[in-house]
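Okay, so here's the structure we're looking at.
All values below come from the heavy atoms of this structure, side chains included, with hydrogens, waters and symmetry mates left out.
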Amino acid sequence: MKIGLFVKDFAIGKKFSSNGIPTKSGAEFHAENHALQLIKRGHEVTIMAKKRYWFTKSRETIKGIDLVRLHAPFRWLEIIVRLLTTHRHLDAFYIIGTPKFAVWVILYAKLMNKPVTLALTAKAEIFRAEDSWRNRILASCNNYVATTHEIRDGYIEKAHVSAKKVTVLAHGIDTRKYTPLSLKARHELRVGNNLTDDTDVLLFCARVVENKGIATLLQIWPIVHVKCPGAKLFVVGGGKKELIAQLKKLSKKTDDSVVVTGEVDLPQTYYQLADVYVFPSWHEALPTSLIEAMASGLVPVTSDIGGCDDLVFDGQTGYRVPVKDAKAYAEKIIYLFENPEQRQKLRANAISLVRRLCDYDYVIDKLYEIIMNKDIEGKDYLRL
């Protein structure tokens with residue numbers, strides 16, 4: 001089948017902003033990964049997104065994906081022309097997020113009687129149908145994908161979408177890529193990072209920005225360090241330079257116990273050498289890094305917020321604590337460091353959960369059925 005995938009940005013050209021923050025959004029990662037997985041299953045995928053830089057091509061093939069960049073200020077007109085000419089043979093339409101040009105895709109799909117699916121991957125994207133003509137069109141798709149139960153409720157309560165049209169489905173990861181190591185391989189990895197087998201390691205792996213709870217992390221670690229002076233904190237990810245500087249300053253204050261790596265190409269290496277994953281974010285959809293960490297065998301301690309509560313069940317797959325409560329975070333982390341048997345139990349549960357509900361082999365086949373409108377009536381694929 002020929003599938004059109006529409007997202008605000010794709011391959012925008014710059015890897016980092018001037019203040020050090022990575023520019024590639026979660027939606028962009030999901031669009032690329034979903035396209036590649038659908039291509040792997042024999043389908044043809046075209047991605048249409050904004051053209052933001054003069055040096056990016058208007059159309060090119062990237063990893064087998066037909067990529068079309070739409071020109072401002074008439075993206076709406078260009079997309080209509082392409083759907084009527086160069087891409088008139090598309091069988092179905094899949095929109096990630098709410099780019100303004102998406103409404104023209106929906107109108108075209110309805111006119112041509114072809115299925116159109118809208119997927120929201122962030123709470124902030126939830127829209128109210130009555131607020132604008134665009135929102136009313138966004139509320140008229142055949143099917144909807146919610147990556148969390150909080151987003152599903154937003155579709156129903158704010159956009160007034162029928163519950164029968166909304167499916168809860170993780171965006172997915174490749175669990176073969178994110179998997180625990182054997183004891184021997186883990187020993188070698190730790191030795192290569194100047195760690196012993198019995199060193200307790202806490203990992204944070206995400207953008208180093210305010211809303212990921214870096215201020216809370218800066219309060220958590222001194223409490224943990226007093227109780228567990230031999231433990232290490234690894235902070236993996238690019239982000240704001242001033243926050244990274246504060247983390248490095250914290251390391252000096254805590255006996256060089258904080259390792260700040262910056263952006264890395266292979267985060268799975270750090271998942272595989274750590275023991276506990278800390279995620280003090282203020283708000284989330286379904287955090288990809290949390291799924292990756294759990295698949296890799298880490299026990300998570302996260303904020304008690306939407307998205308995290310779809311994966312982290314207290315005393316079963318990890319622990320959730322009140323947002324910004326550094327003391328509560330530290331208590332759970334210390335408990336996990338001091339109770340390896342409980343950690344192993346939660347670890348096994350976390351691995352099992354994400355392998356069953358978040359692996360591409362499970363997710364993509366479900367997603368394809370939704371996109372193609374194959375007798376789908378809103379289902380919940382993100383529950384035990």
Starting from the C-alpha separation in whole Å, work towards a yes-or-no answer on side chain to side chain contact (heavy atoms under 4.5 Å, CB included) for Leu120 and Val145. CA-CA 6 Å; Leu120 298 186; Val145 173; over 6 Å; no

Closer than 3.5 angstrom, by distance alone: can the side chain of Arg186 be matched with the main-chain N or O of Gln272 as a donor-acceptor pair?
yes

Can you find a heavy atom in the side chain of Val301 that is under 4.5 Å from one in the side chain of Phe279?
no

Exercise for review: Run the numbers on Lys2 and His43 for side chain to side chain contact (heavy atoms under 4.5 Å, CB included), then give the verdict.
Suggested key: CA-CA 6 Å; Lys2 296 179 173 64; His43 307 295; over 6 Å; no

Worksheet item: Donor-acceptor pair, Arg75 side chain versus Phe101 backbone, under 3.5 Å?
Response: no

**Message:** Show, in sequence, the C-alpha distance, side-chain angles and deciding distance for Ser281 and Glu284, and conclude whether the side-chain hydrogen bond (donor to acceptor under 3.5 Å, both in side chains) test is met.
**Reply:** CA-CA 7 Å; Ser281 188; Glu284 286 292 333; 2.7 Å; yes

* For residues Leu5 and Ile95, determine if any side-chain heavy atom of one lies less than 4.5 Å from a side-chain heavy atom of the other. => no

Scanning both residues in full, the closest heavy-atom pair of Ala285 with Ala122 reads CB-CA, 3.8 Å

Interatomic distance, CD1@Ile223 vs SG@Cys228, rounded to 0.5 Å, equals 12.0 Å

Is there a donor in the side chain of Tyr360 and an acceptor in the side chain of His34, or the other way round, less than 3.5 Å apart? no

Counting N and O atoms only, with roles assigned by atom type, does the side chain of Arg88 sit under 3.5 Å from a partner on the main chain of Arg82, one being a donor and the other an acceptor?
no

To the nearest 0.5 Å, atom CD1 of Ile96 lies from atom CD of Glu125 at 9.5 Å

Notebook entry, point to check: Does the distance from a Lys or Arg side-chain N to an Asp or Glu carboxylate O, for Glu32 and Lys63, drop under 4.0 Å?
Noted result: yes

For Asp9 and Ala49 the tightest heavy-atom approach is C-CB, 3.9 Å

NE2 of His160 to CG of Asn135, rounded to nearest 0.5 Å, is 10.5 Å

So salt bridge (Lys or Arg N to Asp or Glu O under 4.0 Å) across residues 89-116, not counting sequence neighbours, yields none

Which pairs of donor and acceptor atoms, one on a side chain in residues 175-183, lie under 3.5 Å apart (sequence neighbours left out)?
{"from": "Thr175", "atom 1": "OG1", "to": "Asp359", "atom 2": "OD1", "distance (Å)": "2.4"}
{"from": "Arg176", "atom 1": "NH1", "to": "Asp361", "atom 2": "OD2", "distance (Å)": "3.1"}
{"from": "Tyr178", "atom 1": "OH", "to": "Glu292", "atom 2": "OE2", "distance (Å)": "3.3"}
{"from": "Thr179", "atom 1": "OG1", "to": "Arg355", "atom 2": "NH2", "distance (Å)": "3.1"}
{"from": "Ser182", "atom 1": "OG", "to": "Ala185", "atom 2": "N", "distance (Å)": "3.2"}

Review point. So, Ser352 side chain and Asn349 main chain: donor-acceptor pair closer than 3.5 Å or not?
Key: no

Of all heavy-atom pairs linking Cys358 and Ile291, the shortest is CB-CG2, 3.7 Å

Residue pairs meeting side-chain hydrogen bond (donor to acceptor under 3.5 Å, both in side chains), one or both in residues 188-197, sequence neighbours left out, come to His187-Asp197, Arg190-Asp275, Thr196-Asp198, Thr196-Thr199

Excluding Ile305, membership of its hydrophobic cluster (Ile, Leu, Val, Met, Phe, Trp, Tyr; side-chain heavy atoms within less than 4.5 Å) reads Trp282, Val323

Inset, instruction - May I have the step-by-step check of side-chain hydrogen bond (donor to acceptor under 3.5 Å, both in side chains) for Trp221 and Ser257, ending in yes or no? - result: CA-CA 9 Å; Trp221 188 246; Ser257 61; 2.8 Å; yes

(request) Anything under 30° is parallel, anything over 60° is perpendicular, the rest tilted; go ahead and classify His171 against His30. (result) parallel

Review point. Hey, are the side chains of Leu38 and Ile3 touching, using non-hydrogen atoms and a 4.5 Å cut-off?
Key: yes

d(Leu357 CG, Leu311 CG) to nearest 0.5 Å is 8.0 Å

Are the charged groups of Glu341 and Lys345 less than 4.0 angstrom apart, N to O?
-> no

Flag side-chain contact, heavy atom, 4.5 Å: Gln37 against Arg41: yes

Determine whether Val312 and Val278 fall in the same hydrophobic cluster, where Ile, Leu, Val, Met, Phe, Trp and Tyr are linked whenever their side-chain heavy atoms lie under 4.5 Å apart. no

Q.
Do Lys366 and Tyr362 form a cation-pi contact, if we require the NZ or CZ to be under 6.0 Å from the six-membered ring centre and within 45 degrees of the ring's axis?
A. yes

Any heavy-atom pair between the side chains of Lys51 and Ser58 that's under 4.5 Å?
yes

Here the pair of heavy atoms bringing Ile106 nearest to Cys141 is CD1-SG, 3.6 Å

### Query
Step by step, would you call Glu28 with Lys8 a salt bridge (Lys or Arg N to Asp or Glu O under 4.0 Å)?
CA-CA 8 Å; Glu28 189 175 344; Lys8 183 178 179 181; over 6 Å; no

Heavy-atom closest pair (Leu118 atom, Gly97 atom, distance to 0.1 Å) is CD1-O, 3.0 Å

Just wondering, do Pro300 and Thr317 contact through their side chains at under 4.5 Å, heavy atoms? no

Give a yes or no on whether the backbone of Val363 and the side-chain of Tyr368 come within a donor-acceptor separation of less than 3.5 Å.
no

So the salt bridge (Lys or Arg N to Asp or Glu O under 4.0 Å) pairs with at least one residue in residues 144-167 (sequence neighbours excluded) are Lys123-Glu150

If the plane angle is over 60° it's perpendicular, under 30° parallel, otherwise tilted; pick one for Trp76 and Trp104. tilted

**Request:** If the plane angle is over 60° it's perpendicular, under 30° parallel, otherwise tilted; pick one for Phe127 and Tyr155.
**Result:** perpendicular

Does Tyr277 reach the main-chain N or O of Cys205 with its side chain, forming a donor-acceptor pair under 3.5 Å? yes

Contacts satisfying salt bridge (Lys or Arg N to Asp or Glu O under 4.0 Å) that involve residues 308-318 (not counting sequence neighbours) are Asp310-Arg383

**Expected output: side-chain Asp325 to main-chain Ala328 donor-acceptor under 3.5 Å** = yes

When every non-hydrogen atom of Thr302 is compared with those of Cys308, the smallest separation belongs to OG1-CB, 3.6 Å

Side chain to side chain contact (heavy atoms under 4.5 Å, CB included) evaluation trace for Tyr329 with Ser303: CA-CA 9 Å; Tyr329 264 102; Ser303 296; 2.7 Å; yes

message: Quick check: do Val161 and Ile156 have side-chain heavy atoms less than 4.5 Å from each other?
response: no

Within-4.5 Å side-chain heavy-atom neighbours: His87 and Val68:
yes

Here the gap from Asn142 atom CG to Ile371 atom CD1, rounded to the nearest 0.5 Å, amounts to 12.0 Å

### Task
Please confirm whether the backbone N or O of Ile137 pairs with a side-chain atom of Ser140, one donor and one acceptor, at under 3.5 Å?
yes

(Q) side chain to side chain contact (heavy atoms under 4.5 Å, CB included) for Glu210 and Ile214? Distances and angles first, verdict last. (A) CA-CA 6 Å; Glu210 285 88 350; Ile214 300 302; over 6 Å; no

Distance col, row Leu298:CG vs Leu346:CG, nearest 0.5 angstrom, shows 12.0 Å

Legend entry - Ion pair Arg136/Glu130, N-O distance below 4.0 Å: no

Do any N or O atoms from the side chain of Tyr108 and from the backbone of Leu83 form a donor-acceptor pair under 3.5 angstrom? yes

